[in-house]
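Residues: numbered from 1 along the sequence shown. Every number for a ligand or one of its atoms is a count from 1 in the order of the listing.
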Amino acid sequence: MTPANSAEQALDEALALVSRTPEGGGAGGHRAVPWPRAREAAARAGAGVRERTHDVPLGDALGEVLTAALDALTDLPSFDTSAMDGWAVSGPGPWHVREGGGVLAGSGRPEPIADGEAVRIATGARIPADATAVIRSEHCREAGGQLFADRPVATGQDIRPRGQECRSGDLLLPAGSLVTPAVLGLAAAAGYDRLTTRPRPRVEILVLGDELLTEGRPHDGLIRDALGPMLGPWLTRLGADVTGTRTLGDDPAGAAALLEAVTTSTADVLVTTGGTASGPVDHVHPVLEKAGARLLVDGVAVRPGHPMLLARIGDRADGRHVVGLPGNPLAAVSGLLTLAEPLLRALAGRRPRPRYTATVQGDVPGHPYDTRLVPVRLDDERAVPLRYHGPAMLRGVAAADALAVVPPKGARSGQELEVIDLPWASGGCFT
Ligand SMILES: Nc1nc2c(c(=O)[nH]1)N[C@H]1C(S)=C(S)[C@@H](COP(=O)(O)OP(=O)(O)OC[C@H]3O[C@@H](n4cnc5c(N)ncnc54)[C@H](O)[C@@H]3O)O[C@H]1N2
Ligand code: MOO
């Protein structure tokens, strides 16, 4: 096959032109919902689940959402504080320098200061009673037991008054706020040791397939499992508490284990990979049927990834969910971002991902009826499509910053496209 032929075939496969007609065809084609609807359905499913709450040490709350407002437990600052290293003074200068040590941060209540007196003070130290200003050390000089200011001194300068940031009981952040590192800092400053938050959704990953090796090079028709190593860390970045990853075979024992997991797992969400299509050993649909699951999404009009599915087990408020990702690795990524992400965000009580766009560089072929998700690099404001975007390929997405959302029939160079940035787009560290 010539390189040109091979590129054409990769594009055909990415568009799945051979297996799709407007009416349907392929795995679940006739039931496929438009891509934006699928994301909305996943978010709705998560929002319908009853909110849980727990009380955790500060550090464990990172990435979770507050279920109670963060009210200040103290004034901030909790005492009048020096904002600079220098001198606390009282009244107009020059001032008489007080003998002995100055006032340091963390020390007890300092002696009051007399009118016309100056005392050395450190940033963060308590302001002595009756001080009228702090003068920075670089703005004054000490000579013969007296302190002289180099410039006019305003009353209250470089003093942070008690309660400047908040008063005890003030609302610092409403319930529903995401606990970021900055929020941990604020909560600690405001006197918190524990926070009341919504637990991360627990996710169990089940990788289906007899052809999968967990180490070494592919051989004899066997291939490496590319999804096991990828999904755990990715789902963690999407806000999940990943409880484990298991590999199940395509044989009846694998199907039985899948049924057992679907019916008894304690996870809020089961993420399966493979077996979503209609092949002879594709167990996901039959197992979900046997378990009495309700299919909320069964096929999505997106390339790659169209056989992805979302099902609910149990009732709406207490139910658990199954996200069935297709086995083709880039199709699995598509399912992760189309169904798993909105579901997990809603289950965690987080806001939907903000929508933003970038200008695409170069024409991008479209599927006649379906949305395409295409790996792109973000170069300034432009989205540059990457090669190797076939459903079975990870080479494009591994070099990508985002997936561009290409509408049916494609996009012209210079068109604004929605882009879904990948968790590492801003150079984030995963450890
Ligand atoms: N007759 C049809 N066949 C297929 C259709 C269709 O519409 N009609 N759709 C194709 C599309 S599109 C996709 S996507 C796949 C989805 O297949 P499954 O979800 O059932 O997945 P499998 O058949 O198990 O595997 C597909 C492919 O992916 C490889 N794979 C599976 N798991 C992994 C893994 N963990 N790591 C790496 N690679 C994996 C597997 O070996 C297969 O090559 O169905 C098409 N077929
Ligand atoms: O096009 Mo499939 O949906 O390869 O992923």
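Ionic pairing of Arg167 and Asp170 is not present here: no N-O contact between side-chain nitrogen and carboxylate oxygen is shorter than 4.0 angstrom. Ionic pairing of Glu418 and Arg39 is present here: one or more N-O contacts between side-chain nitrogen and carboxylate oxygen are shorter than 4.0 angstrom. One finds a salt bridge joining Arg50 and Asp318 here, because a Lys/Arg side-chain nitrogen approaches an Asp/Glu carboxylate oxygen to under 4.0 Å. Salt bridge annotation for Asp80-Arg162: absent, with no cationic side-chain nitrogen under 4.0 angstrom from a carboxylate oxygen. Remark: Arg120 does not engage Asp85 in a salt bridge, criterion side-chain N to carboxylate O under 4.0 Å.
Every heavy atom of Pro326 sits 4.0 Å or more from the atoms of ligand 2. Residue contact check for ligand 1: Pro304 places no non-hydrogen atom closer than 4.0 Å to it.
Within the 3.5 Å criterion, the main-chain N or O of Ala83 finds no donor-acceptor partner in the side chain of Asp158. Of the possible polar contacts, none joining the Glu204 side chain to the Gly244 backbone as a donor-acceptor pair under 3.5 Å is found. Within the 3.5 Å criterion, the main-chain N or O of Ala154 finds a donor-acceptor partner in the side chain of Gln157.
For ligand 1, the polar-atom distance check finds no N/O of Thr273 at less than 3.5 Å from any of the ligand's N/O atoms. In terms of polar-atom proximity, defined here as any N/O pair under 3.5 Å, Val207 makes no such contact with ligand 1. In terms of polar-atom proximity, Gly327 is counted as a contact of ligand 1, with an N or O under 3.5 Å from an N or O of the ligand. Ligand 1 has no N or O atom lying under 3.5 Å from any N or O atom of Leu325, backbone or side chain. Geometrically, ligand 2 and Arg303 share no nitrogen or oxygen pair separated by less than 3.5 Å. Residue Arg303 places no N or O, backbone or side chain, under 3.5 Å from any N or O of ligand 1. Residue-to-ligand polar distances keep Pro326 apart from ligand 1: every N/O pair is separated by 3.5 Å or more.
The nearest non-hydrogen atom to atom 35 (N) of ligand 1, considering only Asp225, Thr272, Leu394, comes from Asp225. Nearest-heavy-atom check against atom 14 (S) of ligand 1 across Leu227, Leu208, Asn328, Leu330 picks out Asn328.
Close approach to Gly305 involves these atoms of ligand 2, each under 4.0 Å from a residue heavy atom: 1 (O), 2 (Mo), 3 (O), 5 (O). Per-residue contacts place Gly275 under 4.0 angstrom from the following atoms of ligand 1 (heavy atoms of the residue considered): 18 (P), 19 (O), 20 (O), 21 (O), 22 (P), 24 (O). If you number the atoms of ligand 2 from 1 as listed, the ones under 4.0 Å from a heavy atom of Ala331 come out as 5 (O). Below 4.0 Å from some heavy atom of Pro304 lie the following atoms of ligand 2, by number and element: 1 (O), 3 (O), 5 (O). Contact atoms of ligand 2 toward Pro307: 3 (O) (distance under 4.0 Å to a heavy atom of the residue). Applying the 4.0 Å criterion to heavy atoms of Glu211 picks out, from ligand 1, the atoms 31 (C), 40 (C), 41 (O). Residue Pro391 approaches ligand 2 through these ligand atoms, each under 4.0 Å from one of its heavy atoms: 1 (O), 4 (O), 5 (O). The distance from ligand 1 to the heavy atoms of Ala331 drops below 4.0 Å at these ligand atoms: 14 (S). Those atoms of ligand 1 with a heavy atom of Ala226 less than 4.0 angstrom away are 34 (C), 36 (N), 37 (C). Within ligand 1, the atoms closer than 4.0 Å to a non-hydrogen atom of Arg224 are 36 (N), 37 (C), numbered from 1 in the order shown.
Under the 3.5 Å distance criterion, with hydrogens and angles disregarded, a donor-acceptor pair is assigned to the side chains of Trp35 and Thr338. If you check the side chains of Thr197 and His54, you find a donor sitting under 3.5 Å from an acceptor.
Here the shortest heavy-atom pairing between Ala61 and Val179 reads O-CB, 3.3 Å. For the residue pair Leu344 and Ala240, the shortest heavy atom distance occurs at CD1-CB, 4.1 Å.
Only the side chain of Ile223 comes within 4.0 Å of ligand 1, counting heavy atoms alone; its backbone N, CA, C and O stay farther away. Residue contacts with ligand 1, taken as heavy atom pairs separated by less than 4.0 Å, involve Asp282 solely via side-chain atoms from C-beta onward. Counting heavy atoms under 4.0 Å from ligand 1, residue His306 touches it through the side chain alone. Contacts of Leu212 with ligand 1, taken as heavy-atom pairs under 4.0 Å, involve the side chain alone.
For the side chain to side chain donor-acceptor pair (under 3.5 Å) with Arg202, the qualifying choice from Asp268, Thr266, Asp241 is Thr266, the only one to do so.
Cation-pi geometry between Arg126 and Phe79 is satisfied (NZ or CZ under 6.0 Å from the ring centre, within 45° of the ring normal).
Among residues two or more places apart in sequence or in another chain, the side-chain hydrogen bond (donor to acceptor under 3.5 Å, both in side chains) test is passed with Asp193 by none.
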